[in-house]
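Read the structure below first, then the notes.
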Amino acid sequence: MRAATPSNVCVSRSRSSQLLATSNATWSLSESVSGAASRSANAIWQYLSKYTGHFQATVPFDSKVARRRGIRAEASALMPETPLPELRHTAAHVLAYAVQDLFPGAKPTIGPAIENGFYYDFDRATPFTPEDLERLEARMREIVSADYEMTGREVSRADAIATFRDNPYKVEIAEQIPEGEPITLYTIGQFTDLCRGGHAKRTGEIGALKLQSVAGAYWHGDEHNAMLQRIYGTAWHTQRELDEYLLQLEEAQRRDHRKLGTELDLFSIEEDAGGGLVFWHPKGAIVREIVEAFIREGLRERGYLPVITPHVVSERLYEISGHLENYAQNMFGPLEVENQRFRLKPMNCPGHILIYKSHLRSYRDLPLRYSEFGTVYRFERSGVLHGLTRVRGFTQDDAHLFCMPDQLQREFEQTVEEALRLLRAFRFDDFACYLSTREPLARGATDDVAETAIRNALERANLPFVVDQGGGAFYGPKLDINVRDAIGRIWQLGTVQVDFMLPERFDLTYRGSDGRDHRPVMIHRALAGSMERFFGILVEHFGGAFPVWLAPVQAVVVPIAEQQLSYARETLAQLHGAGFRAEIDESNEKLGYKIRHWKTQKVPYILVCGKQEVEDGTLNVNERGVEEKRSLSVASFIEELRSTVSSRA
RNA sequence: GCCGUCGUAGCUCAGUGGUAGAGCAUUUCCUUGGUAAGGAAAAGGCCACGGGUUCAAUCCCCGUCGACGGCUCCA
């Protein structure tokens, strides 16, 4: 026996009977001493060693042939790792099998793999209860232990329809499979499902699974269709991976901005005021003001001009902009006053456009960049509200650029620079850019200009990006920026959109050097997105432990006993004098209690003053995340704080 | 909006067909202390709201509102 050298390669079978080599696992093969066999085995791992460490190298492999030729694999290779989506898809079949056994009346519909697991939708009059899930999970484990082989066979459309004649959903799927595509049935044990394939070879490959929740979902996601019962679950190769995943979920819950918002007294949403409307408490508002100041600084440097527009305006404005026509169900209002109908502002663009239109504009004025922390209100359906990330009233770091088509390029570059500045400062190291283009039908002559501008700007900044064909807004192509937070979740922040439509609707013009009027192009851009969402993401990204420059309380002075009160107050005054956000803990509690309290509040510096410190004129500095305590003079602590804050460390 | 789960003190949660409890937080007193909870007392509740069943409802039933998990949507 001989172990393969590429130690970081794992091998899994893909559908096309090839070996799929991925990183992060151990691969080993053993072989008999027969010459032919050893040659093939050698060929395999020579190929693999070439790809050690590389993601997804494929080599032709057929387990039956290999067995016949005497190539044997060790346990890990005998049971090659199926890609997770296929494993989870298999788990969905296992779930449907269990449902068939325990709830024969429930009709299976579809059951795909999703990002962290899988779901399966069933048509059943009564919803599944948590107890049902436990029973199903137990049955699923039996099915996994039985290690059924997943066997597939191709059938005719008529056969498929006949097989599922009692299940209108499956019949519908069978009817809609395009001509020429194979129709396949897959079977494990006593359960057969209509399915296009992509499975583990055997149910036993599922090392760990868990059913998580039930939810209603519509057939085809359309609310006019029947409501189905969806069961969510997750599946992994090993119990350890499942445990890690569950731990990550727990960590996400600990960092939930709604929970931390209450614990750290950052913000609240008040039942008496209505859902989706945010009350920023002092500690949250301080952080928001710092974020705003940071953004303003960048805007000023890049030649943006501030504007401020009303929150309530006449409906007429939205008739012109077309929002009333396309967006009415998302707008608050109308409010009737003296026979005029008013609406709460759902977007800032029309207001900025009015300012543009207030003068005759020359080509010399362009590009004109209007920025506003614009508060907008959108009537979101009650079921979609979520903490700070989905609200009904929010403030965008909005700006609208009016420019000539040949200025698009430069403006995009500048916007990308600005986005990078923001992402870096707030330590979002992991982000992705999406270029969404318009549907072929909607494309105008200017789309190519805009898309090229976006592409060039991204390439110039060395940013990789993904192209989403046809995902653009109805009025033009766009660039979206998504970030991954500290625990790996993805959030959409900023969006930059090119708009050819509104300048048309509002008949915007500028006087060109030729003395004639021309149509400007508009760029809508919000880089943080909304202050509410950005703040919510920040809270989760840092787990509430804001870096010093952002922390609502940067340092707290803690006297050990009353004798040090005056010294502590003096220190506090000095910190305030130097412009820092500091507090003092004068409470009648022991040191241990105070330390605990401020640690749970995630304050970056706790400055302890006892007898010793008063004598020496120092502070005992307890820094967040640092075990070791330091003794510093007040002056040198202030110096350290100053440099930490200015470097935004 | 739809489906499901849930609404008890500021927070986290017990509990019962005979109008309520804990821990933490708050206030006061004792304690004057050396790095993640010192002790005592007080205060705090239309048990989400409205209706029904009952001699009696926080509890059972119906409705409304709200929160949460999804569907859909989006900054």
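In what follows, chains are A, B, ... by sequence order, proteins preceding strands, each numbered from 1. Note that these values count all heavy atoms, side chains included, but never hydrogens, waters or copies made by symmetry.
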Self-check item: Euclidean distance for P, B:U58 against B:U53 (whole angstrom)
Solution: 15 Å

Quiz item: Does the side chain of A:His524 come under 3.5 Å of the side chain of A:Gln497 through a donor N or O and an acceptor N or O?
Solution: no

Quiz item: Given atom CD of A:Glu589 and atom C1' of B:A36, what is their separation to the nearest angstrom?
Solution: 13 Å

Quiz item: Checking A:Arg392 against A:Phe379: charged group under 6.0 Å from the ring centre and within 45 degrees of the axis?
Solution: yes

Quiz prompt | Whole-angstrom distance between B:G15 and B:C29, as gauged at atom C1' | solution = 32 Å

Exercise. Decide if atom CD of A:Glu615 counts as having more than 12 heavy atoms of other residues, nucleotides or ligands within a radius under 6.0 Å.
Key: yes

Quiz item: Should the pair A:Arg296 and A:Tyr304 be classed as cation-pi, given the thresholds of under 6.0 Å to the six-membered ring centre and 45° from the axis?
Solution: no

Self-check item: Rounded interatomic separation in angstrom, taking NZ from A:Lys611 and C1' from B:G33
Solution: 10 Å

Exercise. Let me know the distance between NZ of A:Lys259 and P of B:U12, rounded to the nearest Å.
Key: 9 Å

Exercise. With C1' as the reference atom in both, quote the distance from B:G33 to B:U8 in angstrom, rounded to an integer.
Key: 39 Å

Exercise. Could you encode protein contacts along nucleotides 68-75 of chain B as a string, one character per nucleotide from 5' to 3', using B for base contact, S for sugar-phosphate-only contact and - for no contact, with a heavy-atom cut-off of under 4.0 Å?
Key: SBBBBBBB

Self-check item: Check: B:G34 base within 3.5 Å donor-acceptor of A:Glu613 side chain
Solution: yes

Quiz prompt | A:Trp219 versus A:Glu172, side-chain donor and acceptor atoms under 3.5 Å | solution = yes

Quiz item: Parallel, tilted or perpendicular: which describes the rings of A:Tyr245 and A:Trp236, with under 30° parallel and over 60° perpendicular?
Solution: tilted

Exercise. For A:Lys599 and B:G34, give me the distance from atom NZ to atom P, rounded to whole Å.
Key: 18 Å

Self-check item: CG (A:Leu247) with more than 12 external heavy atoms under 6.0 Å
Solution: yes

Quiz item: Given the P atoms of B:A37 and B:C73, what is the spacing between them in whole Å?
Solution: 50 Å

Quiz item: Quantified in whole Å, what is the P atom distance between nucleotide B:G52 and nucleotide B:G66?
Solution: 23 Å

Self-check item: Selection from B:C11, B:G34, B:U35 that lies nearest to any side-chain heavy atom of A:Thr262
Solution: B:C11

Quiz item: Donor-acceptor pair, A:Arg624 side chain versus A:Phe546 backbone, under 3.5 Å?
Solution: yes

Practice problem: Take atom CD of A:Gln563 and atom P of B:U32, then tell me their distance rounded to the nearest Å. | Solution: 10 Å

Self-check item: B:G1 to B:U64 separation - C1' atoms, rounded to the nearest Å
Solution: 16 Å

Practice problem: Write down the distance between OH (A:Tyr567) and P (B:U32), rounded to a whole number of angstrom. | Solution: 23 Å

Quiz prompt | B:A9 versus B:G4 - spacing of their P atoms, nearest Å | solution = 26 Å

Quiz item: Taking atom CZ of A:Arg390 and atom CZ of A:Arg533, what is their separation to the nearest 0.5 Å?
Solution: 7.0 Å

Self-check item: Value in whole Å for how far the C1' atom of B:G34 lies from CG of A:Leu591
Solution: 5 Å

Quiz item: Under 6.0 Å from the six-membered ring centre of A:Tyr119 and within 45° of its axis: does the NZ or CZ of A:Arg230 meet both?
Solution: yes

Quiz item: Starting at NZ of A:Lys594 and ending at C1' of B:G34, how long is that distance when rounded to a whole Å?
Solution: 12 Å

Exercise. Measure distances between side-chain N and O atoms of A:Asn588 and base N and O atoms of B:U32, and say whether any donor-acceptor pair falls under 3.5 Å.
Key: no

Practice problem: Please state the C1' separation for the pair B:G18 and B:A57 - nearest whole angstrom. | Solution: 10 Å

Quiz item: Can a donor-acceptor pair be found between the side chains of A:Thr309 and A:His352 at a distance below 3.5 Å?
Solution: no

Self-check item: Toward the 5' end of RNA chain B, by each residue's nearest nucleotide, A:Gln229 or A:Arg596
Solution: A:Gln229

Quiz item: What pattern of brackets, bars and dots sums up RNA chain B from 5' to 3', given Watson-Crick or G-U wobble pairs under 3.5 Å, [ ] for crossing pairs and | for another strand?
Solution: (((((((..((((....[..)))).(((((.......))))).....(((((..]....))))))))))))....

Quiz item: Counting only side-chain N and O atoms of A:Tyr593, is one of them less than 4.0 Å from OP1 or OP2 of B:G34?
Solution: no

